[in-house]
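The structure appears right after this line, and notes come after that.
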Amino acid sequence: MIGASEIEYVENNSTIDDIAIDFQIPNGKVGDRYQGEIDLFNDVEKIKTIYGIGKIGGVEFDKKSNSIIGTPQNAGEFLIEFDCLVKKKKVIKLIVNQDPKKLWKNIESNQEHKVDDDSLFLQSPKHEKDIVVASKRGRSHEHNGTQRDDHYDVRFYDDWFISIVADGAGSAPLSSLGSKIACETAGNIIAEALADLDKKQSVVDAIDEYSKNNTNAEAKKKLKTQVYKIIVTAAYEAHKAIAMEAKSKGEELKLYHTTLLITICRKINQGYFVGGFQIGDGISAILKKGEPVKLLGWPDSGEYAGQTNFITDARIFKTAEALMERIYVEYIQDFDAIYSMTDGISDPLFGDEKNLKLTEKWNEFNNNVTEALNLENGVSPDKNLLKWMEFYEEREHDDRTLVIIL
Amino acid sequence: MERRLPVYLLLDTSGSMSGEPIEAVRNGIQLLVSALRNEPQALETVWLSVITFGKQTGTAVPLTDLNSFQEPTITADGGTPMGKALTELKKSIDQNVRKGDKEKEEKGDWKPLVFMLTDGGPTDGNDWKNASNNLDRKRIACFIACGTPGYERSVLETITGDPANVIELQTANSDQLSKFFKWVTASITGSVKDIAEGEGEITGIGSLPPPPGEDEDVL
């Protein structure tokens, strides 16, 4: 039934020719009792005004039955107009999607090989530089309750800084262990080599010579050779250690696939020697404000299929020349920071590989990270760095590891 | 570059599907989309398209990301022109699924997953065969077809290119169809997870969870 408020009755002057008719009710006859129902009012909420009913005489509009009722007094063709408020409802559906950040779960792993998140702040009064490192389990692993595949090993040894970083392949089920063995073995072997006085002296002599003239190709070659003896041996020992583990467990080596980035650094002759070596993706670099960035390696992009290289792949160790290509050496007066990271950091922060060559990108990165280290006062910088690593970026859910020597 | 996982649902909307089956299909789509929307990794990767074949044949929903996806209005009527649906599928893949470019070092989208559902044989003469031949299966990661009573196994085996990729339900009732859609959801989620963990795309039904009809306790 239509709204029961007062209806206004008014005369009208419309004729049949100038108005469209919505409905014709049954004909009546003067003097005969009449009731004609109007089947028009389904979407009508209220009738405001009825025009032209008076002319007929003797009839009225009955709201209850939606009919004209009465005994018509006058003959003719009458137009009765109803001025209505239409109540037609429109229904719209609106879907609101959840914030994707809220959908990510964080399930602790069994932490069989390592803790889920790890960090360290190494200070030594002997060295003017410190080491800050953080390694965070990626969102993907958190969501699935699986282990962190990244690993690191950082240490001071004598006058040396040693930084090792590794990224276990996501598709290799034992890569979390692989990266751990790689880091620990490489770290131990390098320390052992530096403990060997002869070896150490050889490399120090080579650095000394190079530091006096770093445009001397001979000196550079000699230095790279000495560094090769230490670093490549370490990488190869790491490979062998994983192979031994694989054999003892009856598993294929490829299940342990991992990358490896090694950086060594020593203060000498009022400056610093830095050596780098990399197998796989990720990147290491030396940064000094106002100077172009000095890279200490370059990410392997394997086949087009998007794979990278791993130290678990014996082919890497096939030729000495190829391995020599991976050795980077620098002698610098000073530096603001030496960075070494897995692609969980370099991908979101640098994007395309080609950006790794751009000093302004590194400056941006450096500013970002420096701010992060000081995130919260009174909190150790490595904890701050770990917190910073929680940043959310779509499609960037890999483990994140970053070593800073600064 | 964003690598999407395209998923195509090819759904029979012929007259015989009317009543409980088509209602179950509508619910199935709703549940599938709802479930995928709760999986953050799926949200970032999956693009979904619905192609129907019946009186209304064609793309009901073009390849769309999950956030924007809106369920189509589906009604059951008419015959079963599978050929047209397969042609529409090929067209969409050719036009919308990005191929990799070795030179530009661009990887392109992941190969699409295709899930087809039908309760009968094709009614478009040899069109279905021609369309099936024209389909480049190398551009598809996995083509699964599900038949309910009335379907023709040999047709689906030809279309999918592999007898192992044809599964069947005992009845086209809401319980069975719901199981089917739950399985499709689990397959898509599994595929997304493989991709996220660096395993790469799936290459066959073997990499998917066991389909309904084989193991009632799957889900």
* To do: Indicate yes or no: at least one non-hydrogen side-chain atom of K193(B) is less than 4.5 angstrom from one of N144(A).
  =>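 In contact.
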* To do: Side-chain contact test, heavy atoms from C-beta onward, threshold under 4.5 Å: evaluate it for R3(B) versus R395(A) and give yes or no.
  =>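 The answer is no; the side chains never approach within 4.5 Å.
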* **Closest-packed option against chain A by number of heavy-atom pairs under 4.5 Å, given L66(B), N67(B), L43(B), N38(B)** =>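 Highest number of heavy-atom pairs under 4.5 Å: N67(B).
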* Asked: Judged by atom type as modelled, is there a donor-acceptor pair below 3.5 Å linking the side chain of R37(B) to the main-chain atoms of Q98(A)?
  ->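 No, R37(B) side chain to Q98(A) backbone: no donor-acceptor pair under 3.5 Å.
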Could you tell me whether [X] atom [atom1] has more than 12 heavy atoms of other residues or ligands within 6.0 Å of it?
| X | atom1 | answer |
| --- | --- | --- |
| K84(B) | NZ | no |
| E393(A) | CD | yes |
| Y236(A) | OH | no |

* Can you run down the side chain to side chain donor-acceptor pair (under 3.5 Å) pairs that involve residues 49-63 of chain B, sequence neighbours left out, and say none if there aren't any? =>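 Those involving residues 49-63 of chain B are T59(B)-E88(B).
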* H397(A) side chain to Q41(B) side chain, donor-acceptor N/O pair below 3.5 angstrom ->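 Side-chain D/A pair, H397(A) to Q41(B): absent.
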* To do: Specify the closest pair of heavy atoms between P40(B) and P100(A), including all atoms of both residues, with the distance to one decimal.
  =>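 Minimum heavy-atom separation between P40(B) and P100(A): CB-O, 4.2 Å.
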